[in-house]
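Let me begin by presenting the structure, written as structure tokens, before commenting on it.
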Amino acid sequence: QVQLVESGGGLVQAGGSLRLSCAASGRTFSPYAMGWFRQAPGKERDIVAAINWSGYSTYYADSMKGRFTISRDNAKNTVYLQMNSRKPEDTAVYYCAAAAYDRGLGWRSVNHYHHWGQGTQVTVSS
């Protein structure tokens, strides 16, 4: 089974930057794609960014406005989320996810992914 462990969350001042990491482990780990989602209190989990593991295709939610960057390190089985110019509305629990294969549902859907990390809290102060 695949295990995902997020790290790098914490408290940051508005305008500051954070980089989240998600380390994957498990036998036969070969995801089709990995993504980052976030969930604010009282809201649904929503897409932040996603990346194709085999290539370099990426997707970003429009609300990210180019402030976030997703990247990967295949050798380390790790995906990163670089978050710049943080805003208070970015406060949420951030989750990484892995899709074992293409469900045909699109990278924006939570149902596209098979494995999820436990999440890491990110708080942005004004």
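Numbers for residues simply follow the sequence, beginning at 1. Not measured: the values here are computed from a predicted model.
- Within 6.0 Å of atom CD in Gln3, 12 or fewer heavy atoms from other residues, nucleotides or ligands are found, so the atom counts as exposed in its surroundings.
- Considering only residues two or more places apart in sequence or on other chains, Tyr94 meets the ring-ring contact (aromatic ring centres under 6.0 Å, His included) condition with none of them.
- The two residues Cys22 and Trp36 come nearest to each other via the heavy atoms CB-CZ2, 3.7 Å.
- A distance-only check finds a donor-acceptor pair linking the side chain of Thr78 to the backbone of Lys76 [under 3.5 Å].
- Side-chain atoms of Glu6 come within 3.5 Å of backbone N or O of Gly119 as a donor-acceptor pair.
- Shown here for Tyr60 and Ala49, the closest heavy-atom pair between the two residues is CD2-CB, 3.6 Å.
- The shortest non-hydrogen separation linking Met83 to Val122 is CE-CG2, 4.2 Å.
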Exercise for the section: List the steps, then state whether side chain to side chain contact (heavy atoms under 4.5 Å, CB included) holds for Asp102 with His112. Expected result: CA-CA 7 Å; Asp102 186 6; His112 180 73; 3.5 Å; yes
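- Met64 and Tyr95 fall into different hydrophobic clusters, where Ile, Leu, Val, Met, Phe, Trp and Tyr are joined by side-chain heavy atoms under 4.5 Å apart, directly or via other members.
- One N or O on the side chain of Thr91 and one on the backbone of Pro88 form a donor-acceptor pair closer than 3.5 Å.
- Arg86 meets the salt bridge (Lys or Arg N to Asp or Glu O under 4.0 Å) test with Asp90; sequence neighbours excluded.
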Problem - side chain to side chain contact (heavy atoms under 4.5 Å, CB included) assessment of Thr120 paired with Ser7 - result: CA-CA 6 Å; Thr120 183; Ser7 62; over 6 Å; no
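- Cluster annotation: Val48 is connected to Met34 through the hydrophobic network of ILVMFWY side chains, with a link wherever side-chain heavy atoms come within less than 4.5 Å.
- Ring-plane geometry between His114 and Tyr101 is classed as tilted, the angle between the planes lying from 30 to 60 degrees on a 0 to 90 degree scale.
- A distance-only check finds no donor-acceptor pair linking the side chain of Ser85 to the backbone of Gly15 [under 3.5 Å].
- The minimum heavy-atom distance linking Gln121 with Ala92 is given by the pair NE2-O, 3.5 Å.
- In this structure, Trp116 CH2 and Cys96 SG are separated by 9.0 Å, a value rounded to the nearest 0.5 Å.
- Rounding to the nearest 0.5 angstrom, the gap separating the CG atom in Asp46 from the CZ atom in Arg38 is 7.5 Å.
- Across Tyr113 and Gly35, no two heavy atoms sit closer than the pair CE2-N, 3.8 Å.
- Side chains of Tyr59 and Arg108: a donor on one and an acceptor on the other come within 3.5 Å.
- Atom OG of Ser17 sits about 10.0 Å away from atom CZ of Arg67, to the nearest 0.5 Å.
- Relative to the ring axis of Tyr80, Arg72 does not place its NZ or CZ within 45° and under 6.0 Å from the centre.
- Applying side-chain contact (heavy atoms from CB on, under 4.5 Å) to Val79 and the options Ile70, Asn74, Asp73 leaves one that passes, Ile70.
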Exercise for the section: Mind running side chain to side chain contact (heavy atoms under 4.5 Å, CB included) on Trp107 and Ile51 for me, showing each step along the way? Expected result: CA-CA 8 Å; Trp107 294 358; Ile51 186 169; 5.6 Å; no
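- Linking ILVMFWY residues whenever their side-chain heavy atoms come closer than 4.5 Å, directly or via other members, leaves Leu20 and Val93 in distinct clusters.
- Shortest non-hydrogen contact noted between Phe37 and Val110 is CE2-CG1, 3.6 Å.
- In this structure a side-chain-to-backbone donor-acceptor pair under 3.5 Å is present from Gln13 to Ser126.
- Side-chain contact between Ser71 and Gln82 is absent, with no heavy-atom pair separated by less than 4.5 Å.
- Atom OG1 in Thr58 sits 14.5 Å away from atom CZ in Phe68 (nearest 0.5 Å).
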